Amino acid sequence: MIALTRFRLAAYVRSHRAFQPLIGLLVLLAILYGSPLPAGAELGAMADSAAILIPVFAWAARGLLDNEPDEQRMIAITAVGRREAVVGIGAAWIFNAGLAAISFAVLTLRLSGRPEVAAVLAGVGLHVIAITAGTTLGALTSRPIVGSPAASTLALLLGYLAVLLLSLSGLPWLTVPLMMWMREAHHGELLAHFPALAAWSLLWPLIGLAAYGGLRRTRP
Amino acid sequence: MRVSNLSFRYRRRAPWVLSNVDLAFARGDVTEIVGRNGAGKSTLLRLLAGLLRPLDGTISERPDVVGYAPERFPSGQPFTMAGYLRHMARVRRADPREVEAWAERLGMSDLLGHRLPDLSMGSAHKVGLAQALLGDPGLLVLDEPFAGLDATTRAELPLIIAEVAERGGLVIVSDHQGELRGFPGLRRIEVGETTAREVAPEVAAAEPDAPPRTAPEEAVTILEVVVAVSRARELADRLRGEGHTVRMSEAEVAE
């Protein structure tokens, strides 16, 4: 599985398609951190970063999974069996962790004050959840699941918008509560609720990953 | 490997591609899948390779190591031939030295440093065959393996298939060009009308889309060949692979 993960990451980076989400990330970072972050706004900035980067993570995950030609995916399935789908998710997650590390490094450089350890840990945790959510959205819009590239792009954008709108509505428990992350982080309430909020936030991506695994059983 | 009551279609309400198929394969079997275009040969191959799941029925006792060479190798990948095959050797947990060995056997050693997108169709097809052969597959599934191959590799491939079978491997081939006709002990499965059934070689040879290479009534002759003892078996195997009858007793070899 490690060899196939390395193969897929190498294929994605060498194809230069990996630069597309990377450029998107750099544009976002330029907008978000054009000016230094004021002292006391560290956790709020980390929550904003995690929530805003989800579509970049989804774009990168879909790009990595779709980078492999269908016949090569068939070859991979005969080599490692049904773990091929798990390897794809793992490779996308690792690539997105790299993007998140770049974002986190830039964010840290733009901080005016020194953040608390608990705030940093919560920020890292939110990014881990965001990576998982973005990877899930990317996987659910990848070619084996949504055949048309146009429909796939639309589904990715509408999927993220739906998550934002649902988390704004009175029914945030129906999705990953992104707006709640940001609101509680900016009001200094996030750390008190973090374990419950993290568990709730991870629930939907895990359900999405299970759905992806189920769909891939009949869509090699 | 046993196929029991297998049925498959691609979507709900779509017509069945295969229905109630029963097949059995023994270790060392070499089987040719025949049928007209669109009959479901590639679908059957993908089911046998474990790429598709039967909607009904089962495929049991599939060997652990499966090699699959698709009809069209995806050459649009950002690797050199050597880089790709070394990655595949690691993925398939094969000895990396196999890469050079198969490259030499398939006549593409001089192309190892070439990028996959720059390869000709035939060379790309050889890469597909080489990756499938890595790691001593117990089940080798080849979809139109002779397409685009040069004459030397076309003659070599039956020998490779025979070696896999001698090792106890199971080889299943879809072969529109009939290159395996005359292969000793070849089994044939005809796909069509949503069924797949074993047919006698004569029936398969009568297919309109796959005419026999030699007309039955064509006169035959006996050709004597003088060859070094060390190369006799290799030549005999090669000629058998091309469909000729070869008689070679041990006494004759000793002479």
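Quick note: numbers below take in every heavy atom, side chains included, and nothing from hydrogens, waters or symmetry partners. Here is the naming used below: chain letters follow the sequence lines, and residue numbers restart at 1 for every chain. Here the structure is a predicted model, which is why all the values come from computation and not from measurement.
- When the heavy atoms of residues 11-21 of chain B are compared with those of chain A, none of the residues falls under 4.5 Å.
- Across every non-hydrogen atom of B:Leu149 and B:Gly122, the tightest pair is CD2-O, 4.2 Å.
- A:Arg216 contributes a side-chain N or O that, together with a main-chain N or O of A:Pro220, makes up a donor-acceptor pair within less than 3.5 Å.
- Of all residues spanning residues 84-115 of chain B, those with a heavy atom less than 4.5 Å away from chain A's heavy atoms are B:Tyr84, B:His87, B:Met88, B:Arg90, B:Val91, B:Arg92, arranged by number.
- Contacts of residues 52-81 of chain A with chain B at a heavy-atom distance below 4.5 Å involve A:Pro69, A:Glu71, A:Gln72, A:Met74, A:Ile75, A:Ile77, A:Thr78, A:Ala79, A:Val80, listed in sequence order.
- When the shell of 6.0 Å around CZ of B:Arg9 is examined, it contains more than 12 heavy atoms from other residues, nucleotides or ligands.
- The residues B:Lys41 and B:Glu144 are annotated as not salt-bridged, no charged nitrogen and carboxylate oxygen being separated by less than 4.0 angstrom.
- Using modelled atom types, no side-chain atom of A:Ser201 and backbone atom of A:Val176 make a donor-acceptor pair closer than 3.5 Å.
- Judged by distance alone, the side chain of A:Thr135 and the main-chain N or O of A:Ile131 form a donor-acceptor pair under 3.5 Å.
- Considering B:Val34, B:Ile172, B:Ile33 in turn, B:Ile33 is the only one that fulfils the side chain to side chain contact (heavy atoms under 4.5 Å, CB included) rule with B:Ile189.
- Side chains of A:Arg8 and A:Tyr12: a donor-acceptor N/O pair is absent below 3.5 angstrom, by distance only.
- At a heavy-atom separation below 4.5 angstrom, chain A is approached by B:Arg46, B:Ala49, B:Gly50, B:Leu51, B:Leu52, B:Arg53, B:Val66, B:Tyr68, B:Pro70, B:Arg72, B:Phe73, B:Pro74 within residues 46-75 of chain B.
- Side chain of A:Thr153 to backbone of A:Pro149: a donor-acceptor contact under 3.5 angstrom is found.
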